[in-house]
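Nothing fancy with the numbering, it's 1 onward along the sequence. Order of appearance sets the numbers: ligands from 1, and atoms from 1 within every ligand.
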Amino acid sequence: MLFKVEMQVNIPSSLPKAQADDIKAKEKAYSQQLQRDGKWPHIWRVVGQYANVSIFDVADNQELHTILTALPLYPYMEITVQPLCEHPSSIHNQQ
Ligand SMILES: O=C(O)CC1=CCC(=O)O1
């Protein structure tokens, strides 16, 4: 199942820089492993914002929930999820 996920990151200025940098490094490693696994095929920066738009390719809602809630930056994120299905005009995924 494909999902569009938007993540807005709001790290409080009260969080010490070293701690924020550590969380960001863990986030990058976690994200890149999921990208290599094919579960997170797209991640794009939203221009001018500390936010991304991502596409996830997972088995079901539960798997996406498990992945998102394990994000190291999860406590500092606003996340919106939209399920996707095939567009009738798409030239991809035709059988
Ligand atoms: O910087 C972001 O958009 C948050 C994020 C998600 C995965 C990652 O590596 O950073």
Margin query: Quick one: does any side-chain atom of W44 pair with a main-chain N or O of V46 as donor and acceptor, under 3.5 Å?
Written below: no

Margin query: Within the structure, is a non-hydrogen atom of Y74 found at a distance of less than 4.0 Å from ligand 1?
Written below: no

Item checked: Nearest neighbour in protein (non-hydrogen) for atom 1 (O) of ligand 1 -> R45 NH2, 2.9 Å

Notebook entry, point to check: Within the structure, does N52 bring an N/O atom to less than 3.5 angstrom of an N/O atom in ligand 1?
Noted result: yes

Notebook entry, point to check: Which pair of non-hydrogen atoms, one from E63 and one from A59, has the smallest distance, and what is that distance?
Noted result: OE1-N, 2.7 Å

Check: Taking F3 as the fixed residue, which of V58, L68, I67, L84 is the one that meets the side chain to side chain contact (heavy atoms under 4.5 Å, CB included) rule?
Finding: V58

Item checked: Which atom of P41 lies closest to which atom of I55, heavy atoms considered -> CD-O, 3.0 Å

Note to self: One residue to check: L71. Relative to ligand 1, which of side chain, backbone, both or neither has a non-hydrogen atom less than 4.0 Å away?
What the structure shows: neither

Check: Hey, looking at atom 6 (C) of ligand 1, which of K28, E27, Q8, Q35 has the closest heavy atom?
Finding: E27

Note to self: Nearest 0.5 angstrom please: L15 CG to D22 CG, how far?
What the structure shows: 10.0 Å

Notebook entry, point to check: Is Y30 in contact with ligand 1, taking contact as a heavy-atom separation below 4.0 Å?
Noted result: no

